[in-house]
Amino acid sequence: QVQLVESGGGLVEPGGSLRLSCAAYGVVSNINVLGWYRQAIGKRRELVAKTIIGGNTIYDDAVKGRFTISRDNAKRAVHLQMNSLKPEDTAVYYCYARTLFENWGQGTQVTVSS
């Protein structure tokens with residue numbers, strides 16, 4: 001089992017930047033995908049970016065060129081650098097890790113507003 005703890009959300013003006021971090025605890029050796037999802041009010045949870053261990057990195061089209069996902073080699077942390085933020089990026093952001101199961105963090109609020 002894997003536990004995920006996010007940090008780094010907050011309020012930022014349009015055009016600003018935020019960096020989200022997620023620390024993974026437990027049996028991290030079983031993780032084969034790390035990523036970030038988000039859910040805005042009244043909308044479904046959607047993929048932001050994910051990195052497949054030993055494979056590709058995938059971004060949603062809405063964030064390509066603005067967001068960058070990274071992780072440490074030990075699979076104990078995954079980060080999301082968010083630049084050029086827009087009001088439509090406002091959402092709760094969830095850290096995700098896939099083992100034999102889907103593991104989720106508690107979520108961190110990101111609000112982009114002037």
Side-chain angles (χ1 to χ4, degrees):
Q1 188 172 355
V2 173
Q3 296 79 46
L4 303 170
V5 179
E6 301 106 335
S7 61
L11 173 64
V12 64
E13 293 186 347
S17 297
L18 279 176
R19 179 178 171 85
L20 304 183
S21 293
C22 173
Y25 303 91
V27 186
V28 299
S29 59
N30 292 338
I31 294 174
N32 50 66
V33 178
L34 282 166
W36 292 92
Y37 284 71
R38 67 185 179 186
Q39 187 167 18
I41 294 174
K43 295 188 177 182
R44 299 178 65 179
R45 190 173 297 188
E46 62 181 12
L47 172 69
V48 177
K50 64 180 178 181
T51 178
I52 301 168
I53 306 304
N56 296 334
T57 296
I58 298 170
Y59 293 91
D60 181 76
D61 287 344
V63 307
K64 281 181 181 177
R66 301 188 296 123
F67 291 11
T68 304
I69 189 171
S70 61
R71 64 170 181 87
D72 72 350
N73 289 331
K75 295 186 288 185
R76 291 199 175 276
V78 61
H79 311 283
L80 186 69
Q81 178 66 41
M82 305 186 293
N83 298 327
S84 302
L85 282 160
K86 304 175 181 180
E88 51 263 44
D89 295 317
T90 295
V92 177
Y93 284 69
Y94 295 91
C95 181
Y96 167 81
R98 190 181 74 190
T99 58
L100 291 177
F101 310 98
E102 293 189 336
N103 303 274
W104 296 93
Q106 80 284 358
T108 185
Q109 176 70 45
V110 171
T111 302
V112 184
S113 175
S114 55

For Tyr96, all residues meeting ring-ring contact (aromatic ring centres under 6.0 Å, His included), sequence neighbours excluded
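Tyr96 satisfies ring-ring contact (aromatic ring centres under 6.0 Å, His included) with Tyr37, Trp104 once adjacent residues are dropped.
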Determine which pairs satisfy salt bridge (charged side-chain N to carboxylate O under 4.0 Å, His left out) with at least one residue from residues 30-42, sequence neighbours left out, and list them in order.
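Sorted pair list: Arg38-Glu46, Arg38-Asp89.
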Donor-acceptor pair, distance only, cut-off 3.5 Å: does the side chain of Asn30 make one with the backbone of Thr99?
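Looks like no, no N/O pair under 3.5 Å.
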Given 3.5 Å as the limit, does a donor-acceptor pair link the side chain of Asp60 with the main chain of Ala62, or not?
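Here the side-chain-to-backbone pair exists.
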Give me the atom names and distance for the closest heavy-atom approach of [X] to [Y].
{"X": "Leu4", "Y": "Cys95", "result": "CD1-O, 3.7 Å"}
{"X": "Trp36", "Y": "Val78", "result": "CZ2-O, 3.6 Å"}
{"X": "Ser113", "Y": "Pro14", "result": "C-CD, 3.6 Å"}
{"X": "Ser17", "Y": "Gln81", "result": "CB-NE2, 4.0 Å"}
{"X": "Ala74", "Y": "Val28", "result": "O-CG2, 3.8 Å"}
{"X": "His79", "Y": "Arg19", "result": "CG-NH2, 3.3 Å"}

Using the side chain to side chain contact (heavy atoms under 4.5 Å, CB included) criterion, which residues pair with [X]? Sequence neighbours excluded.
{"X": "Val92", "value": "Tyr94, Gln109"}
{"X": "Thr108", "value": "Glu6, Leu20, Tyr93"}
{"X": "Asn32", "value": "Arg98"}

In the structure I gave you, are the side-chain heavy atoms of Phe101 and Val2 within less than 4.5 Å of one another anywhere?
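Of all side-chain heavy-atom pairs linking Val2 with Phe101, none is under 4.5 Å.
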Kindly compute the distance separating [atom1] ([X]) from [atom2] ([Y]), expressed to the nearest 0.5 Å.
{"X": "Ser21", "Y": "Arg71", "atom1": "OG", "atom2": "CZ", "result": "15.0 Å"}
{"X": "Leu34", "Y": "Asp72", "atom1": "CG", "atom2": "CG", "result": "8.5 Å"}
{"X": "Ile41", "Y": "Thr90", "atom1": "CD1", "atom2": "OG1", "result": "9.0 Å"}
{"X": "Gln1", "Y": "Asn103", "atom1": "CD", "atom2": "CG", "result": "7.0 Å"}

Is there a path of hydrophobic side-chain contacts, each under 4.5 Å between heavy atoms of I/L/V/M/F/W/Y residues, joining [Y] to [X]?
{"X": "Leu80", "Y": "Val12", "value": "yes"}
{"X": "Tyr59", "Y": "Ile52", "value": "no"}
{"X": "Val63", "Y": "Val33", "value": "no"}

Which residues share a side chain to side chain donor-acceptor pair (under 3.5 Å) with Gln3, sequence neighbours left out
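So Gln3 forms no side chain to side chain donor-acceptor pair (under 3.5 Å) with any residue.
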